[in-house]
There are 2 protein chains.
Amino acid sequence: MSQYEHTCMIRGDGGRTIRTILDRICDKWTLLVVATLDQQRLRFTDLHRQIPGISQRMLTLTLRNLERDGLVSRTAYAEVPPRVEYALTATGRSLIPPALALAGWAIEHIADIEASRAAYETRSAP
Amino acid sequence: MSQYEHTCMIRGDGGRTIRTILDRICDKWTLLVVATLDQQRLRFTDLHRQIPGISQRMLTLTLRNLERDGLVSRTAYAEVPPRVEYALTATGRSLIPPALALAGWAIEHIADIEASRAAYETRSAP
DNA sequence: CAGAATCCTGAATGATACTG
DNA sequence: CAGTATCATTCAGGATTCTG
């Protein structure tokens, strides 16, 4: 099957499926949290430390959404002080390869894109 | 190289590279426009017709950003009435495979995700 | 430690009307 | 036909404070 015929995966149903998934992973932090949890269970504070710039609030929200969607598991231990561990589920792990495909594309083309952007600015703002 | 070692592609530089690209493609319409232009040059109105729900304003903005980033080329013909054709550049075409990888993941896992989401709702809103 | 609650701002999107 | 210009709305995300 050609690439052309595949784009129906994106355009099918007016883009609702792709939208559902983009809504999941395209916020500011989700992909970073998933990548950070790759191959390691982490506590809330450790995640917070390993993701520079994220606020407590956004880390909480991001983890809740990932948990809700079944990409991340949350394990709370009845201890004092409390201990909570987060880890990827099988579904969560399965997101890594396509995410890497995208990251690879980004790395490969970011120079071209930024050059094009710079040239565009020059043209429109003399 | 293992998948684990690869996630540095996402986490490297605090996620700035992946952010740059997510900022490009994660708005509501970009990926849909790119997929629609796959294998065909289209005029503004044709694009507008082929992408249900998009407003003129958002189509314009999306195309401008794509053009600015060098993913889409814009060709204006000096005719009356005006004719403008949009097409993917080589860089734009190169985005299709990773986008399809993501779409494939979405299709494969959307049922699980929505089930998990439904179960989560039931749990938290009795 | 692992969060919840609240307030606030800018940016993305949409609706509508106008134009070379 | 291919846009531009304005206005209104919504909401993601950040800062801050409080708590079991």
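Bear in mind that the values here come from a model prediction, so they are computed numbers and not experimental data. In what follows, chains carry the letters A, B, and so on, assigned in the order in which the sequence lines appear, proteins first and then strands, with residues in each chain numbered from 1.
- Taking atom CZ on B/Arg24 and atom P on C/dA11, their separation rounds to 14 Å, with Å as the unit.
- Exactly one residue among A/Thr30, A/Thr91, A/Leu37 makes a side chain to side chain contact (heavy atoms under 4.5 Å, CB included) with A/Val72. That residue is A/Leu37.
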Assess whether side chain to side chain contact (heavy atoms under 4.5 Å, CB included) is satisfied between B/Lys28 and B/Met58, documenting all intermediate values.
CA-CA 9 Å; B/Lys28 197 165 176 183; B/Met58 287 317 295; over 6 Å; no
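- Between the P atom of D/dT9 and the NZ atom of B/Lys28 lies a distance of 17 Å, rounded to the nearest Å.
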Q: Would you please test B/Leu100 and A/Met9 for side chain to side chain contact (heavy atoms under 4.5 Å, CB included) and show each step?
A: CA-CA 7 Å; B/Leu100 288 176; A/Met9 295 191 347; 4.1 Å; yes
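- Side chain of A/Phe44, nearest nucleotide from D/dC1, C/dC1, C/dA2: C/dA2.
- One can place CD of A/Glu79 at 10 Å from P of C/dA2, the figure rounded to the nearest angstrom.
- The nearest whole Å value for the distance from the CG atom in B/Asp27 to the P atom in C/dG14 is 10 Å.
- Nearest-nucleotide assignment on DNA chain D puts the 5′-proximal partner with B/Asp46, out of B/Asp46 and A/Cys26.
- Of the candidate nucleotides C/dA2, D/dG3, C/dT13, C/dA2 has the atom nearest to the side chain of A/Arg43.
- Non-hydrogen atoms lying under 4.0 Å from DNA chain C are contributed by B/Arg57, B/Met58, all within residues 50-72 of chain B.
- Two residues are said to be in side-chain contact when any heavy atoms from C-beta on lie closer than 4.5 Å; A/His109 and A/Asp112 meet this criterion.
- Among the atoms of the strands shown, none is found under 4.0 Å from any heavy atom of A/Tyr77.
- In this entry the distance linking CZ of B/Arg19 with P of D/dA12 reads 14 Å, nearest Å.
- Using a cut-off of 4.0 Å between Lys/Arg side-chain N and Asp/Glu carboxylate O, A/Arg24 and A/Asp69 are scored as salt-bridged.
- Note: CD (B/Glu85) to P (D/dA2) measures 9 Å, nearest angstrom.
- A donor-acceptor pair shorter than 3.5 Å can be found between the side chains of B/Arg11 and A/Thr36.
- A salt bridge links A/Arg49 with A/Asp46: the closest approach of a Lys/Arg side-chain nitrogen to an acidic carboxylate oxygen falls below 4.0 angstrom.
- End-to-end axis angle for the helix from C/dC1-D/dG20 to C/dG20-D/dC1, using five pairs per end and rounding to 10°, comes out at 50°.
- Within the 4.0 Å cut-off from OP1 or OP2 of C/dC1, not a single side-chain nitrogen or oxygen of A/Tyr86 is found.
- B/Leu88 and A/Ile110 fall into different hydrophobic clusters, where Ile, Leu, Val, Met, Phe, Trp and Tyr side chains are chained together by heavy-atom contacts under 4.5 Å.
- Rounding to the nearest 0.5 angstrom, the gap separating the CZ atom in B/Arg83 from the OH atom in B/Tyr77 is 5.0 Å.
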